[in-house]
Amino acid sequence: MDVDQEILEAFLEESADNLDQLDRDLLALESGVEDPELIARVFRAVHTVKGTCGFLGLARLERVAHAGESLLDAVRSGNVPVGGAVCDALLRLVDRLRLIVGHVASDGNDGEGDEGDDELIALLEAMTTGQAAGPAPTAEGGADLHADQALRVDVTVLDDLMNLVGELVLVRNQLNDLVRDDTGRLGRVGAELDRLTGTIQGAVMRTRLQQVGVVLTRLPRLARDLCAMLGKQVDLRIDGERTTLDKAVLDAVRDPLVHLVRNAVDHGIETPDERVAAGKPSTGIVRVSARTEGASVVIDVQDDGAGIDVDRLRERAVRAGAIGNEEAQQLTDAAAADLVFLPGVTTAAAVTSVSGRGVGMDAVRAGIEGIGGSVEVTTTRGVGTSFRLRVPLTVAITAALVVESAGRAFAVPQSAVVELVGIDDDSTATVGGAPVLRRHDRLIPLVPLSELLGLAPSGGRQAVVVEVGDLLFGVVVDAVLDTADVVVKALGHDLSGLDLYSGATVLGDGSIAMVLDTPGLAARAGLNASSTERPLPTADVDELVPTVPYVLVLDQGRRRAVPLAAVERLAEVDDHEIEHLSSGAVAHLDSGIVPILRQDGRHVAGPVTVVVCRSAASGPFALAVDAVLDVVELAAPPPGQPATTALHDDRLVELIDIAAVAGRLTVVPA
Amino acid sequence: MNVICTFTIDGRLAALPIDSVREILREPLVTPVPLAPEGVAGVINVRGTIVTAVDLRHRLGFGPVGTHDCLLLRNGDEIVGALVDAVGDVVEIHGAEHHEVPPTVPAGLRRFARSAVDVDGQLVLLLDVDVLAATPSTLSKERP
């Protein structure tokens, strides 16, 4: 028997004894025995386990034990009172340690994967910092639910449920196709099933929602440890931890968030001396805030540090070979800040153990885009840096545009689509042989989908303008067939390596459409943010006026505009989906029952196009309009002055004040 | 393993153990996937589940033909559709004689063949379910 093996055996034996003793001691503590020696013994036992496994290279075991040790340290020094919740958590710790020691005994290592380590560690850490005084929160973020109202459900059950609802939605779509023109009983039953399906879909979605707080709990500890290591002072402020997100999305933002906070502390915030010299308080502020915006969740990670040195970034990007020197010099500062997302580019002056190796920011972007989200960076020298993550509320069911190219159907997630433009000779031009679309004084590159996918060339007449980060480009297709809520299904191993597709979906007629991944398309087309974000040199002063996107609608023959930020989606509502109550009218939408009204308060009758809006003060409501014309950029109103009109194509457009319309709602949204 | 499912591949009679075949699809609609790796014919909608369709003929070094049936096979943790010329019968081979695979069988097929079985006077190549792991590049490698 070699020495290592001997030590391991001794460790296993000792651990088994230690863990049994721990169980007894913890139970005694829980029953109310107050004995400092008891607490000290518990601390020593966990400390011993941790120490030995560090020695044996059992990293997983060490990590879990470390979290327990920290809590016990706080208990021992009287910072955290011994209570039922603390004992409960410590007993869970013992169970977990026993499980991992079991792995060590049977396999010789501490086991692959997680099995919920992170959750337990988060709980222990939260208790250490005194943030979880109540009963142990469940993994599903139900800290605000009473224990008897919350159930723990295996995620696979929810996944199955989700898949089944996906099937139901598909069957519903097929049925809708069949009974679309039926005005009799079948049509009514179909409409009812349609509505119920939408309701069930929404309810199942909600079961998968977790609070963002589940991932944010790790951040204060991370910031604290980093500060200690780097000699910095940082006040980490967290807002909106109750914002909910689908579990799959939450899992995808976990690592990027940790990375961004680590970056903010490491090379966003200056050292206390530097800060004082710059006339700032010695303690820096890192703010992580989450909020829901329409069908997205926006998470900001802001610091009030030194900001990114964009000149150095240009230099690094050139040195890393990511862009040419001349190209780098031509980038605007805002576009140059985006270089931080390129592989191999770092802003850190020195590589530290924490960050600065230039790996990571590209992974952050890839991770967020992988779930259909986006990352933006804005930075001001001396003032700070802000990263904005925008992720969809859920990934499983997506509103998509079904397009046709070379006789085949493809789906484009609507979250990426900015607008649809018919292509004609007036709106297009070629620059150096490359086709572009002239749009709002910008030149948008056009890429034929058939060419990107290596299909037979087809003369597309429709451009789907999509947005990837700051990059806009037009995907030329033959036709836009439909808009539909599609269930995006994962592809098998043989196809999952293709970054052109995020999945596949079954259409209403049972055929399959590949779901296009817009960042993948951009990469395939050889576009990247830094090469197109550069505005074309122009003397046009108008370009300098900041603009805001609006949905341009036709209402009573007038052109009016709704701020895109307030718009959740567009929908068609049939007459039978509108009910007139004594307090006002409501419409049955897929997402539920919402008040419906016209801007001028006239009677609403279907079929009618509605813009589903949401204001700060109200829930969703449907604004009925005659037609939706376009999404346009209009000059942003000067701060503090609510504008009532704006110019578009030299014509006056009336701006709709959503807050004022919401204020007239007589039916309170559910 | 006494029951097998026979099929033809490039006109040759072959078979897989029935317990490795999840389902047989007769002439399913295969949606091609542009830029998919070689040998992947596309995707099939199997009652709402998207299944990758692998062209077994291509994987085993034969040229493609027009029509096809599909065998749904389990490959690791996913179900994969294997396209063959046509699926034949499900037959009992209890007591049937197993012969060694003759060296004249084309290399791609021979690599995944376990034995040649006498079924009603015809010789059927009994394949290993590992056949899905075949790629055109494995053809040149020796069988371990």
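Chain identifiers are assigned alphabetically (A, B, ...) following the order of the sequence lines, protein sequences preceding nucleic acid strands; residue numbering begins at 1 within each chain.
Annotation for A:Glu451: atom CD does not count as buried by contact number, only 12 or fewer foreign heavy atoms lying within 6.0 Å.
Residues that satisfy the side-chain hydrogen bond (donor to acceptor under 3.5 Å, both in side chains) test with A:Ser511, not counting sequence neighbours, are A:Asp509. The side-chain hydrogen bond (donor to acceptor under 3.5 Å, both in side chains) check on A:Thr156 picks up A:Asp154, with sequence neighbours excluded. Partners of A:Arg461 under the side-chain hydrogen bond (donor to acceptor under 3.5 Å, both in side chains) rule, at least two apart in sequence or in another chain, do not exist in this structure.
Of the residues considered (A:Leu500, A:Leu455, A:Leu495), A:Leu495 shows the highest number of contacts with chain B, using heavy-atom pairs under 4.5 Å.
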Exercise for review: Apply the test side-chain contact (heavy atoms from CB on, under 4.5 Å) to residues B:Thr52 and A:Leu491: give CA-CA distance (whole Å), side-chain angles for both, the deciding distance (0.1 Å), then the verdict.
Suggested key: CA-CA 7 Å; B:Thr52 308; A:Leu491 297 173; 5.7 Å; no
Practice item. Please test B:Val80 against A:His493 for side-chain contact (heavy atoms from CB on, under 4.5 Å), starting from the C-alpha separation and ending with a verdict. Key: CA-CA 9 Å; B:Val80 174; A:His493 294 311; over 6 Å; no
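Paired with B:Val33 under the rule side chain to side chain contact (heavy atoms under 4.5 Å, CB included), one option of A:Asp494, A:Ile512, A:Leu453, A:Leu498 passes, and it is A:Leu498.
Within residues 20-32 of chain B, the residues having any heavy atom closer than 4.5 Å to a heavy atom of chain A are B:Thr31, B:Pro32, listed by residue number.
Considering only heavy atoms from C-beta on, A:Thr505 stays 4.5 Å or farther from B:Ile50 through its side chain. Annotation: side chain of A:Leu452 is not in contact with side chain of B:Pro34 (no heavy-atom distance under 4.5 Å).
B:Val40 touches chain A through its side chain: at least one heavy atom from C-beta onward sits under 4.5 Å away, while N, CA, C and O do not.
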